[in-house]
Every structure is written in C-alpha cells, then in structure tokens.
Amino acid sequence: MKPSIPKGTRDFSPDEMAKRNFIFDTIREVFHRYGYQGIETPAMENLTTLEGKYGDEGDKLLFRVLNSGPVLLTIQSKGADQIKRADLAEKGLRYDLTVPFARYVVMHQNEITFPFKRYQMQPVWRADRPQKGRYREFYQCDADVIGSPSLVNEVELVLMIHEVFNKLGLKVVLKMNNRKILTGLAEVVGEQDRIIDITVALDKLDKIGIEGVNNELVEKGITADAIDMLQPIIKFEGNYNEKIDLLKNLLMSSNTGRKGIEEVEEIASMLTAGSFELDITLARGLNYYTGAIFEVKADGVQIGSVCGGGRYDDLTGIFGLPNVSGVGVSFGIDRICDVMEELKRFETLGIRTSSSKVLLTHFDKNTQKYCMGLASSLRAAGISTEVYPDITKKIVKQFEYANKKQIPFVVVVGEEEMQRGQVNLKNMSTGEQHPFTPEQLIEQLV
RNA sequence: GUGGCCAUAGCUCAGUUGGUUAGAGCAUCGGUUUGUGGUACCGAGGGUCGUGGGUUCGAGCCCCAUUGGCCACCCCA
C-alpha cells in the first residue's frame, strides 16, 4: 500500500522543526517574561465540555472520537430509533485551548492562585476543509489571565503581541475592538437580538465592501432603518480620535456601548500611539467574547489572522464557577510559519537545522571503539558528537554523510593516529586539516 | 456544506492536431584504482501516466464516474 496521512495533517522535517521551534521558543520566552506559567491538557475532552461552546458552525467542525468497544453491536441491539449520540461518541479532540483551559480552571480552582496567568502551546483539531493557511491539525499558543477584570491585562497582552512579532521580524497590524461597542450598536439601531448577524456582516467589510455588507444585512433581514443608522460606521474614514467621537455620539443612549468606549480609551491611555488600530468592523466569530477583542494580521501576506483573542466574562460559568473574568490571546504558529516562509524571514534570521558539530570517522572495529571513547569525552565537554555507526573501509561515505548533514568538523581516526595519540581534525568549510591530541581537540571544538 | 482548478519517476515539471520503445532537471545508487566531502565526467535503477469505465484501428492526450490534492466561499489560527 502507498503511505498517506489524513487530510489537512502534515509531517514536519528536521528543517521545518528548526523553524517551528524558533517560533515556539520566541513566544514561550515572552510568555515567561510576563509571568505566564505553562500547562497542558489532554488531546481529548468529553464532548459535553466541547459542545455548544463554539456556535453551530464550531460544533460541526468538532472531531468526534468513536467510542471504543463493539459500538456497532451495541447500536444494532438497540435499534435505530433508540440510538443516542453518546452511544457513538462521548469524546472529542480539542477545538481550541480556551475552553479546555476554562474546564481546567474550574476543576483545579482550589489549587490555583488568582489571578491565574497560564500559557499553553498544543495542537488543536478542526474538521474543516483545508486550504491555504488552514489545517485540520494545527498548533495554538495561548496566553490567558483569568480572575482579573483589570484592563492592565489587555495592555500587557498587546505589549506581548508586539514583542513576539518584533522578535520574529514580522510587520503586523493589531486591530482592536470591543464587543460592548458592537452590542451598543445593535441596541442603538434596535436590533439587539441580531448582534451576531450584524457583526458577521460588518466583519466582511474588507472583503466585500460597503455594498456587499449592506446586501448581506438586507439578506439577514435587518430593517432598512437599522441599516441606515449603521452607515456612518461602515463608511467612516478618519483617525482614532474622530472615531471615538463618532462612537460616543452614536452610542450615547447605550450604557453598554458607552462602557465599551471607556474600555478602549483606558487601554489606549496605557499604550503608546500605534499600538493598535481601533476597527469597529472587527467582530471575531467566537461568541464567548464580552469585552476587548483583537486580531493580528501579517503585513504583505494574505493568510487570515495570525493571532487573535479577547476578554470573556463568564467562560467558566457553564462549568459551575460564575463571575470569573478572563482575557487571552492565541498565536497561530502554523500561519506565522507560513508567513515567515513566504517573506523569507528564516533566511534573514539565519535559522538552520541544528546538526552535530563533529563526526568521528574510522576504518574498523578497533578504531571505531577508540572513537566511542573519544566521543564520550567530547560529549562530556558539551560538544554534540556523532560516531559513524557502520564499519566501512570507504571513508568517502563517512565524509559524504558529514557533508549532507552539514556537520562542520570531521575527525579521522586510523590505526596510525591511534598509536600516535593524535587525530586529524578537518574543517569541512575550509578544507583545512591538522592533528590534535584528544585534549587539544576539545579545546578546538568547544 | 457550496463552487473552481489540477492529477505523468522520490521531487519539480515537459509531453506538440489522439499514432509506434513516455522524456528532462534535481534526488538516489554505482564508477573515475587502494585512508578525505561539497564543484567535474561516465553509468544505472525507478513510471501499469491517481483509479474504474467508455469512444477509437490506436488514449498520457477526448468523454463519464470515482478518489486524492490545491484554491475560493463559509468560518477561522
């Protein structure tokens, strides 16, 4: 049979791993420096944990894990009309890291010191149709703080986002909005029940333009009056202050809306100019956001967002721990990797596959044994060392191996060198070769 | 879930209006005499042209179906 892997999944070669690990390391370092602690949760969660958290669309995209055991027999014996969903599957692969985190917080509430700042970098799975920048298995790197309503957290997350992308050498646009502003808008135009339809339509402004948005609003059954009232927002062009003024004016009658504007202003007051762009058309689909929402897009590459997040006031409520506010971000490292690849950032940053520093070559059992001893002392000195594992008279093979793996140094150990107590060290890039005692060799390679 | 494009060697692709043994580059392996790689030269292996059916004297090329991949919508990281 010919080998294959499931749709939307990927293998990562050593070369790709070097690049991905560079991104993971960069993000993890920033998370640590802001006081976030790492946790992990299982790949599978109970479906009761996952279902209903991501909207109807999200539920469809959940990977369900078929119950083990003779599932089909159980079902056959029950008869078609008696079958429940739980008979087929009661577990699912995690869809994101936020909901499992909420579950974790509730289960471990007695061990946790609040506010709890945690990060998590693990794969998630979605039964989506793959395309550019979209995979069925991909990694998210989340940082969330739960149990603190302070907007300082939002501010720090914004700072972290900028630090990460600076270190990765990527230019990005960080867009921010506030769910309360969107709620206010819906209230003001008298369509508070249709907030999701309205925001989803607004969100597409970039893609389909003003007419497209208006058409979609009509299709969704939003009243003409409401659509008229939304026009100043949709058509708005101006700077940050003008945008705030417009919103204050429009949302005067909405408590929630006014609160949203206040939050944006408070966050802005703690940040420097240019830290974010206030974008009222930014909606973000996940329906658990309640306050600030943000999304990061890479400059110059069309691939959707590379990072997103926001505040959710009651995510743990459904698991029995109400009134705990949280806020977090999620970095999509697969897309970040795609963007960096497309912009050739890895070359600029000089990311290369890590390889051994030195290969020890030999001619027979005896010299190979000597190499094993030599390797021990080199490794003890912290030098990554390989001994060619097979015995061959053809030293060419061993050199080719070093060359292909880009090992920068080769040591040649023959009977003669062994006797003399000196081995030849060859620099593979210059071609130079000199004899050294084992002690000198360590000095040369450290 | 809806729509578009594609499918030839391990990889990237050629393959002329359907016509005889389907090609190239790269990669792989071997060689250019005995303990020195990456650049040169010579040579070898490797493809039932995704799969199944049809049209035809004849199909890699045309038609239908099927599977897989890519892309867009939807949604999102």
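Order of the sequence lines sets the chain letters (A, B, ...), proteins ahead of strands, with each chain counted from 1.
Using P as the reference atom, B/G38 and B/U33 are 14 Å apart when rounded to the nearest Å. One P atom belongs to B/G23, the other to B/G45, and the distance between them is 13 Å to the nearest Å. Between B/G31 and B/U67, the distance separating the two P atoms is 48 Å to the nearest Å. Taking atom P on both B/U2 and B/U66, the two are 13 Å apart, rounded to the nearest angstrom. Annotation: B/C63 and B/U21 have their P atoms spaced 24 Å apart (nearest Å). Separation of the C1' atoms belonging to B/G25 and B/G69 is 23 Å when rounded to the nearest angstrom. Comparing the C1' positions of B/C13 and B/C29 gives a spacing of 23 Å, expressed to the nearest Å. Spacing of P atoms, B/G58 relative to B/C70, comes out at 37 Å, to the nearest Å.
At a threshold of 4.5 Å between non-hydrogen side-chain atoms, the residues A/Cys141 and A/Tyr119 do not count as touching.
When both distances must be under 3.5 Å, the Watson-Crick or G-U wobble mate of B/A40 is B/U32. Base-pair partner of B/G1: B/C73 (Watson-Crick or G-U wobble, both distances under 3.5 Å). Using the Watson-Crick or G-U wobble rule with both distances under 3.5 Å, B/G68 pairs with B/C6. Base pairing of B/U16 is not made with any nucleotide, judged by Watson-Crick or G-U wobble geometry with both donor-acceptor distances under 3.5 Å. When Watson-Crick and G-U wobble pairs are counted only if both distances are under 3.5 Å, B/G25 pairs with B/C11.
As a whole-Å value, the separation of A/Ile303 CD1 from B/A77 P is 14 Å. Here the C1' atom of nucleotide B/C70 and the CD atom of A/Gln302 are 16 Å apart, to the nearest Å. The NZ atom of A/Lys175 sits 16 Å away from the C1' atom of B/A77 (whole-angstrom rounding). Distance NZ (A/Lys7) to P (B/C71): 12 Å, rounded to an integer number of Å. Between A/Gln140 atom CD and B/C76 atom C1' the separation is 10 Å, expressed in whole Å. Distance A/Asp56 CG to B/C75 C1': 13 Å, rounded to the nearest Å. The separation between A/Ile161 atom CD1 and B/A77 atom C1' is 13 Å, rounded to whole Å. When rounded to the nearest whole Å, the span between CG of A/Asp334 and P of B/C76 equals 18 Å.
Inspection of the A/Tyr401 and A/Asp390 side chains reveals no N or O donor paired with an N or O acceptor under 3.5 Å. Side-chain polar atoms of A/Arg118 and A/Gln120 form a donor-acceptor pair below 3.5 angstrom. Looking at A/Glu417 and A/Asn424, their side chains do bring a donor and an acceptor atom within 3.5 Å of each other.
Between A/Arg33 and A/Glu29, at least one side-chain N (NZ, or NE/NH1/NH2) sits under 4.0 Å from a carboxylate O, which counts as a salt bridge. Between A/Asp56 and A/Lys60, none of the side-chain N atoms (NZ, or NE/NH1/NH2) sits under 4.0 Å from a carboxylate O, so this pair counts as no salt bridge. Ion pairing between a basic and an acidic side chain is recognised when a charged N comes within 4.0 Å of a carboxylate O; A/Glu263 and A/Arg179 show no such pairing.
A/Arg335 contributes a side-chain N or O that forms a donor-acceptor pair with the base of B/C76 under 3.5 Å.
Within 4.0 Å (heavy atoms only), A/Lys405 reaches no atom of the nucleic acid at all. Contacts of A/Tyr135 with the nucleic acid, taken as non-hydrogen atoms under 4.0 Å apart, include base atoms. The residue A/Gly55 sits apart from the nucleic acid: no heavy atom pair falls under 4.0 Å.
Interatomic distance, CZ of A/Phe116 versus CD1 of A/Ile39, reported as 5.5 Å (0.5 Å rounding).
Counting heavy-atom neighbours within 6.0 Å of A/Met270 CE, excluding the residue itself, gives a total above 12.
Residue A/Pro6 is the one, among A/Pro6 and A/Phe331, whose nearest nucleotide of RNA chain B lies closer to the 5' end (criterion: closest heavy atom).
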All N/O pairs under 3.5 Å across the protein-nucleotides 35-38 of chain B interface:
unit_1, atom_1, unit_2, atom_2, d
B/G35, N1, A/Glu417, OE1, 3.2
B/G35, N1, A/Glu417, OE2, 3.0
B/G35, N2, A/Glu417, OE2, 2.8
B/U36, O2', A/Lys426, NZ, 3.3
B/U36, O2, A/Lys426, NZ, 3.2
B/U36, O2, A/Gln433, OE1, 3.3
B/U36, N3, A/Gln433, OE1, 2.9
B/U36, N3, A/Gln433, NE2, 3.3
B/U36, O4, A/Gln433, NE2, 2.8
B/G37, O2', A/Asn403, ND2, 3.3
B/G37, N7, A/Lys426, NZ, 3.2
B/G37, O6, A/Met428, O, 3.4
B/G37, N1, A/Met428, O, 2.3
B/G37, N2, A/Asn403, OD1, 2.9
B/G37, N2, A/Met428, O, 2.9
B/G37, N3, A/Asn403, OD1, 3.2
B/G38, O4', A/Asn403, ND2, 2.7

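The phosphate of B/A72 (OP1 or OP2) has a side-chain N or O of A/Gln131 nearer than 4.0 angstrom.
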